[in-house]
Amino acid sequence: MSIARTAATGGDLDPDFLRWQTSLPVDQRLLDVDVAGSIAHVQGLVAANLLTAEEGATLTAGLEKVREDVKAGAVELPLEEDVHMSVEALLASEVGALSKKLHSGRSRNDQVATDLKLWSRSATARVAAGIDAVHEACHDFIGRYGEAAMPAYTHRQVAIPVLGRLWIDAALLSPLSRDTSLLSTVTAELAESPLGAGAIGGSTLPLRRDVTAEALGFDGPPKNPIDAIGQRDHALTLAFTCARIGLHLNRFCVDVVELASDGLVTLGGAVACGSSMMPHKRNPDLFELVRAQSALRQGELTALMQTFQGLGSGYHRDFQQDKQVLFSSVDGTVDCLKMIALGLRNIDLVPDKCLDALRQGDAVATDLTEALVMGGVSFRDAYGAVGALVAGQRAKGLRLCDLTAEDLSAADLPASLLELLDPAASATRRAAPFVGS
Ligand code: ARG
């Protein structure tokens with residue numbers, strides 16, 4: 001009979017039900033943290049005199065052996081309800097009857113809560129490292145194109161000349177820095193150890209929760225056993241952070257796809273897929289795929305929230321579903337960050353095309369307006385006068401950049417406006433008060 005069954009439980013599980021309900025295919029990934037949690041629990045039991053030092057050493061060595069054997073492929077985790085029971089079953093074959101003492105004062109409820117927190121700790125570090133890598137790629141891009149002028153769009157129309165560094169900062173550096181700050185909220189929510197909370201109401205054994213908490217690098221023991229095993233707020237905050245990173249990457253990808261389709265950005269062959277039929281295509285698949293992944297991140301956040309909604313306090317088996325969703329959210333985020341860092345290093349701004357787009361888009365119109373304001377004209381009058389200039393030039397098939405001294409004097413406007421027609425100079429002037437100047 002399986003280790004977590006008694007006369008009161010009633011017989012063995014139906015094999016089909018066992019196979020369907022086991023979390024082993026998903027939570028075997030928790031093997032390392034599960035064994036670390038068990039070893040800490042053993043330390044706590046020794047400190048509480050519930051195990052002798054020798055028993056503790058035997059159990060610890062047995063747990064380490066189980067971990068190494070499974071990782072080396074020397075043994076398989078047996079089919080049990082989950083990784084926790086599977087490890088305990090393997091430990092029995094390793095150390096015999098002594099393994100029956102391991103679960104003293106512990107439940108899978110505080111065990112899985114602990115495992116997930118430990119996993120989330122390294123997951124948080126992986127996401128943070130992914131953001132750092134994108135930040136580095138941003139600085140590399142800024143080194144190449146930070147001072148190049150490019151159009152900023154409003155309503156998908158050329159609006160104002162900006163510098164490349166302002167775009168990259170707005171699209172990636174600043175949003176992802178805020179996401180890194182959000183990760184410290186996750187870290188704060190991981191501070192408390194759930195171990196020693198038991199199934200829901202602690203234990204009557206004199207557990208040394210302080211010892212286990214310290215051994216696992218937590219700030220301290222559980223304050224409330226019902227809360228310790230019955231909440232997954234860190235998972236929600238982590239999934240939200242991943243969803244927000246996904247959204248930020250999505251919006252950057254939209255920029256790249258549109259800039260590439262306007263010819264203002266070129267894609268390196270290393271990150272561009274071709275068409276199976278049209279030989280001339282160089283498609284922005286990397287950016288389209290990352291753009292689409294944002295939908296998955298939002299779905300995962302929603303799935304997690306919906307899983308917990310409607311559950312009363314304490315542990316419910318529904319919680320089992322959280323791992324698959326959180327793993328996918330974090331893995332997907334780490335992969336997308338990696339792809340964006342790669343993509344960013346493989347795109348180039350095309351400064352000449354950018355300047356051309358700025359000229360064709362009359363992007364210096366606001367500069368001319370503001371120059372008139374500086375000369376004492378009211379904003380609305382200046383705005384009207386420049387609007388008339390734009391309309392006049394376009395009627396002739398020309399642009400503001402084609403203005404001549406005669407055009408300006410005919411419009412009763414100062415010839416000094418001719419000095420403001422260079423979009424690159426405009427971008428530099430405009431960037432001065434802002435970040436990175
Ligand atoms: N496999 C379960 C999970 O992932 C472990 C806890 C099971 N606890 C229980 N009381 N059934 O959440």
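Just so you know, ligand 1 is whichever comes first in the structure, and atom 1 is the first atom listed for that ligand. Below, all heavy atoms of this structure are taken into account, side chains as well, without hydrogens, waters or symmetry copies. Everything quoted here is computed from the prediction, not taken from an experiment.
Counting only distance, with no hydrogens or angles, the side chain of Arg208 and the backbone of Leu45 share no donor-acceptor pair below 3.5 Å.
Listed by first and then second residue, the ring pair (Phe, Tyr, Trp, His ring centres under 6.0 Å) pairs involving residues 299-342 are Trp119-Phe327, Phe308-Phe319, Tyr315-Phe319 (not counting sequence neighbours). Residues in residues 209-264 take part in these ring pair (Phe, Tyr, Trp, His ring centres under 6.0 Å) pairs, two or more places apart or across chains: Trp167-Phe252.
Annotation: side chain to side chain contact (heavy atoms under 4.5 Å, CB included) contacts of Ala128 (sequence neighbours excluded): Leu183.
A side-chain N or O of Asp367 and one of Ser426 form a donor-acceptor pair less than 3.5 Å apart.
In this structure, ligand 1 sits under 4.0 Å from heavy atoms belonging to Ser23, Asp82, His84, Arg108, Asn109, Val112, Tyr315, Arg317, Gln320, Lys323.
The environment of Gln324 atom CD is sparse: at most 12 non-hydrogen atoms of other residues, nucleotides or ligands sit within 6.0 angstrom.
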